[in-house]
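Taking it in order: structure first as structure tokens, then the write-up.
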Amino acid sequence: MTTDAEIPTRFDHKAASTKWYAQWEEAGAFRADVDSPKAPFVMVIPPPNVTGALHMGHALNNTIQDIYARYRRMLGFDVLWLPGTDHAGIATQNVVEKMLAKEGVRRDDLGREEFVRRVWKWKEESGGTIVGQLRRLGASCDWSRERFTMDEGLSRAVVEVFVRLHADGLIYRADRLVNWCTRCRTALSDIEVEHEDRNGAFWHVKYPFADGAGFLEIATTRPETMLGDTAVAVHPEDERYRSLVGRDLILPLLGRRIPVIADAYVDREFGTGAVKITPGHDPNDYEVGLRHKLPVIKAFTDDGRIAAGIMEGASSDLRARTYVGKKVLACRDAVVDDLQAEGLLIRVEEIRHSVGHCYRCKTVIEPHLTPQWFVKTGPLAGPAMKAVEEGRTRIVPEQWSKTYFEWMRNIRDWCISRQIWWGHRIPAWYCRACDGANMTSVSTGTNVESRDEAEPMYILSSHATPIVSAARPDRCPRCGSIDLIRDPDVLDTWFSSALWPFSTLGWPDRAPEVSRYYPTSLLVTGFDILFFWVARMMMMGVRFMGDVPFRDVYIHALVRDAEGKKMSKSKGNVIDPLHVIDDHGADAFRFTLAAFCVQGRDIKLDEKRIEGYRNFVTKIWNAARLVLTEPRPASSTIHPSTFSPEDNWIRSRFARCVTEVRRSLDAYELDKASHSIYHFFWHEFCDWYLEIAKPRLREGDPAAGGVAREILESSLRILHPFMPFVTDELAERMGGTSILDRADFPVAGRIFESDEALIEKAISLVTEIRRLRAEFRIAPAEKIPVFLVTSDLPEASRVIIAQLAGVIPEVVAHKAEWHHFASSVASGVEIVIPLEGRIDLEKERARLQEEIRKCEEQIASSRARLGDDNFATNAPADVVSATRSTLLEREDRLRKLRELFANL
RNA sequence: GGGCGCGUAACUCAGCGGCUAGAGUGCCACCUUCACACGGUGGAAGUCGCAGGUUCAAUCCCUGCCGCGCCCACCA
């Protein structure tokens with residue numbers, strides 16, 4: 001028997017979480033079992049970056065997953081929740097580069113091999129801190145199956161997919177104008193560019209005609225790009241310019257001779273209607289250039305400086321030389337100054353325009369013409385779309401499927417090559433013997449080695465012919481040479497992420513896990529990576545596994561601060577989940593996140609709400625203290641006939657709660673599930689049941705003791721997915737084992753309608769009497785007589801009223817001759833509290849009069865509705881009959897109120 | 001430019017054709033009663049963004065407008 005002294009008033013969340021997590025892990029409670037006879041339930045974690053630390057987004061995402069993992073385990077499934085981390089190519093390379101910079105070392109100084117070795121070293125020593133942080137959240141991942149995207153097995157999957165897609169013609173290498181980050185010095189895919197509206201300027205510049213007769217006015221937001229201009233375009237039907245097409249202009253500053261061309265791409269309404277064409281630096285201009293066979297000048301270098309290429313066609317290279325090597329922005333100033341000096345600048349207009357930034361380092365993105373590897377996405381997108389259309393994968397909330405379709409329909413080829421060193425290196429080689437013409441030897445670093453694992457020694461043109469192969473080929477299949485060099489690029493991180501649902505299970509090997517656990521059951525993720533990740537997993541899964549990667553995708557909101565702003569370090573509005581866990585405990589935090597999970601709305605996280613749910617944890621704790629402190633009933637089997645109405649009422653209410661929680665969880669409505677539990681436990685079990693049952697509990701009544709324990713214990717089980725620590729701690733104190741180990745999520749029991757009605761009537765009477773007491777300032781301790789005018793009030797109700805309203809209730813069938821009383825009507829019962837000498841009769845008359853007036857108003861509205869023939873004809877029968885009975889109740893209430901008023 | 005979403009109590013949000021529009025927090029009053037003051041009891045508080053329309057009936061459906069947020073998009 002546990003005594004009060006052994007249970008402290010407050011739950012020690014720190015001690016409990018440490019203790020229980022260790023115990024769960026030791027017991028292997030999170031492990032999936034491939035040989036289990038149970039049905040599998042599978043989730044793969046959205047792998048956080050190895051460089052990452054737990055933020056609110058992770059906390060929300062993993063809390064949701066853990067709730068489902070624990071829920072499904074309790075439903076009897078063999079749950080596999082597979083954890084792991086992502087190598088996060090650019091992000092991780094940046095972190096390590098920054099670290100090296102502190103030692104004054106650049107990656108080029110180390111060379112490729114050594115640099116990659118250092119990244120691995122960093123990963124082993126400081127990477128993956130988030131994995132420990134997930135444990136503090138309570139995440140029940142199967143850690144024995146933790147994966148990393150650069151693991152040997154996963155890397156084999158990457159190579160396999162690459163080789164097969166290439167063989168199928170779905171991966172190709174070509175020259176394209178790609179998004180280039182001049183700081184990361186790599187290409188990015190389209191979705192890795194973040195567009196933002198910025199204030200900018202629109203420079204209007206004179207482009208003089210070659211024959212000296214006048215000029216054309218050109219407007220540009222990027223004057224420095226004119227150094228790469230090779231034409232000016234006008235619309236073919238633009239009357240203003242029609243006669244000028246075919247004439248030549250002299251490009252200001254450089255003196256390059258460029259033609260005026262006609263192309264329908266030009267928007268006559270915008271700017272001056274004449275557009276400078278820079279094929280080497282604008283995707284549209286590139287297309288125009290192709291159509292008109294314009295020369296392409298690469299005006300910028302990899303690191304965002306002006307390239308020597310601008311001197312091509314220049315009349316004098318003296319001026320051009322002053323630009324070469326300048327940073328883009330510096331060059332812009334120089335160009336503008338020079339134009340001004342030459343009188344070629346007409347005016348400067350203010351303009352707001354969209355500017356692309358690198359999603360990793362926020363540097364302005366420059367279009368850059370380079371050979372890159374692409375995935376031809378069209379043939380992959382079709383089947384991936386169809387899978388969702390056919391319902392093989394369900395997206396929740398459904399509205400996101402529209403976004404998904406929209407993106408898939410407009411999908412463009414995916415640039416997958418990155419010019420960095422950390423990542424899966426592209427499995428392609430080039431033969432120096434027969435393909436040497438397409439390579440330009442360059443010396444980049446200090447310790448260039450002859451092996452292909454060293455840093456790139458060659459610039460490979462788009463004409464170079466790659467030999468794609470899972471392993472390094474022994475010799476060139478064309479000429480037999482052994483002089484092969486490997487493609488220096490690595491793959492986009494998201495390429496390996498796209499394979500995560502099957503690469504983590506052992507594919508391409510025939511692992512038993514692959515057949516048992518694929519497709520996974522549920523993917524929980526934020527909408528911010530719908531395109532980056534979800535869509536690509538769909539494409540790859542359908543392509544390589546012949547089935548969708550997951551049955552359900554639950555897309556949750558983003559966590560914002562209390563004002564609704566995105567949390568960011570620079571804004572200083574970041575709430576650290578680990579601090580929250582320290583302060584309030586993981587249970588309270590998790591419950592808060594679940595309660596906030598309203599579909600389709602962002603989460604504004606206010607720490608006050610966490611405090612509120614921390615109080616809920618304390619409430620649970622104290623309710624358990626009450627129940628456990630009272631004597632344990634002697635017998636564990638209680639005969640149903642000994643249950644009193646309140647016992648059946650609470651069992652019935654719990655049954656309804658269970659039904660609602662299961663329904664909500666199955667529908668991914670975590671807010672509803674958590675609210676149901678919260679309301680049931682606090683406002684029904686604690687506020688009413690325990691208060692009603694207290695005297696019986698003290699007496700050691702077996703029914704009350706049994707029911708209190710039963711409901712408490714079941715509540716702990718239904719709460720466990722949300723609050724794993726406090727529930728296990730209490731379950732143990734109740735003499736049970738960890739809830740995690742038991743496949744026994746509560747099942748809805750019987751509903752006792754008549755007991756529900758009885759207790760609810762008692763509750764409404766208690767509430768009304770309390771209200772009157774408060775209104776007439778009757779001291780809480782004072783026991784006063786109360787007359788209840790009714791012919792039908794069970795003894796049980798009378799007892800409850802006496803106990804909870806602190807009154808001496810007297811049930812009378814007919815009203816007597818009272819004169820000084822406070823009164824009301826609740827549940828059809830007239831309540832009369834004699835207050836001789838303590839009541840202002842005038843005030844009470846006025847109060848009752850007001851009650852009567854309100855009641856009359858309601859009756860009038862009910863009557864008006866029922867009096868309308870159209871209502872009776874058109875409204876459904878149940879609505880009509882419900883309106884009728886409401887009217888009857890109101891009329892009854894009015895009658896009673898009037899009687900009371902007449903007697904006063 | 002296209003798409004999605006949101007405007008309901010002081011705040012954060014539920015509800016989404018038919019009860020007297022709900023909850024949590026905050027606020028006010030009373031209560032240190034033997035689980036819990038991280039508590040209990042009671043209370044005040046809403047023209048359901050605005051204007052039309054559909055309907056017997058609209059916070060809910062439709063249209064327009066106003067305000068806010070997000071995503072996508074190659075107008076230099």
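By convention in this document, chain letters (A, B, ...) are assigned in the order of the sequence lines, proteins followed by strands, and residues within each chain are numbered from 1. Only this structure's heavy atoms are used, side chains among them; waters, hydrogens and symmetry mates stay out. Computed from a predicted model, the values in this text were never measured in an experiment.
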Aromatic ring proximity F11(A)/F725(A), centre distance under 6.0 Å = no

Does C68(B) have a Watson-Crick or wobble partner in any strand here, with both distances under 3.5 angstrom, and which is it?
-> G5(B)

Can you tell me, in whole Å, how much space there is between the P of U59(B) and that of C13(B)?
-> 23 Å

Do E775(A) and A29(B) share a donor-acceptor pair, side chain to base, under 3.5 Å?
-> no

Could you tell me which nucleotide pairs with U63(B) by Watson-Crick or G-U wobble geometry, both distances under 3.5 Å, or answer none if nothing does?
-> A51(B)

Looking only at atom C1', what distance separates C30(B) and C68(B), rounded to whole Å?
-> 42 Å

Using a strict 4.0 Å threshold on nitrogen-to-oxygen distance, state whether E699(A) and R696(A) make a salt bridge.
-> no

Look through every strand shown and name the nucleotide pairing with C38(B) as Watson-Crick or G-U wobble, where both distances are under 3.5 Å.
-> none

Between E857(A), E856(A), E891(A), which is the residue that forms a salt bridge (Lys or Arg N to Asp or Glu O under 4.0 Å) with R863(A)?
-> E891(A)

Between K672(A) and A14(B), does any side-chain N or O lie under 4.0 Å from OP1 or OP2?
-> no

Any donor-acceptor pair under 3.5 Å joining the side chain of R614(A) to the base of C38(B)?
-> yes

To the nearest Å, how far apart are I603(A) CD1 and C13(B) P?
-> 10 Å

The answer to which of R777(A) and T767(A) contacts RNA chain B further toward the 5' end, by nearest nucleotide, is R777(A)

What about N284(A): does its side chain form a donor-acceptor pair under 3.5 Å with the base of C74(B)?
-> yes

When the C1' atoms of G46(B) and A21(B) are considered, how many whole Å apart are they?
-> 9 Å

In the strands shown, is A73(B) matched to any nucleotide by a Watson-Crick or G-U wobble pair with both distances under 3.5 Å, and which?
-> none

Give a yes/no on whether any side-chain N or O of N622(A) is located under 4.0 angstrom from OP1 or OP2 of C38(B).
-> no

Same-atom distance (P) from U8(B) to C50(B), integer angstrom | 10 Å

Shortest side-chain distance from K608(A), nucleotide among G42(B), G18(B), U25(B) = U25(B)

Take atom CZ of R332(A) and atom C1' of A76(B), then tell me their distance rounded to the nearest Å.
-> 13 Å

What is the ring orientation for H683(A) with H679(A), classed by angle as parallel under 30°, tilted 30 to 60°, or perpendicular over 60°?
-> tilted

E713(A) vs R733(A), salt bridge (charged side-chain N to carboxylate O under 4.0 Å, His left out): CA-CA, chis, key distance, verdict | CA-CA 11 Å; E713(A) 201 274 336; R733(A) 285 171 190 265; over 6 Å; no

Which one is paired to A44(B), where only Watson-Crick or G-U wobble pairs with both distances under 3.5 angstrom count?
-> none

Both distances under 3.5 Å, Watson-Crick or G-U wobble: report the partner of U32(B), or none.
-> none

Using atom CZ of F527(A) as one end and atom C1' of G5(B) as the other, report the distance to the nearest whole Å.
-> 10 Å

Just compare G43(B), A35(B), C56(B) and give me whichever is closest to any side-chain atom of R771(A).
-> G43(B)

Could you label the plane-to-plane angle of the Y613(A) and Y678(A) rings as parallel, tilted or perpendicular, counting under 30° as parallel and over 60° as perpendicular?
-> perpendicular

Could you check which nucleotide pairs with A10(B) in any of the strands shown, counting Watson-Crick or G-U wobble with both distances under 3.5 Å?
-> U25(B)

Is any side-chain N or O of K619(A) under 3.5 Å from a base N or O of C36(B), one able to act as donor and the other as acceptor?
-> yes

Atom CZ of F616(A) and atom C1' of A23(B): how far apart are they, to the nearest Å?
-> 14 Å

Expressed in angstrom and rounded to an integer, what is the separation of E691(A) atom CD from U33(B) atom P?
-> 14 Å

The nucleotide from C36(B), C4(B), G40(B) with an atom nearest the side chain of R625(A) is C36(B)

Looking at K604(A), does any N or O in its side chain come under 4.0 Å of the phosphate oxygens OP1/OP2 on C11(B)?
-> no

Nearest-nucleotide comparison on RNA chain B, the residue closer to the 5′ end among W400(A) and S861(A) | W400(A)

Looking at W407(A), F527(A), Y668(A), F405(A), which hits ring-ring contact (aromatic ring centres under 6.0 Å, His included) with W400(A)?
-> F527(A)

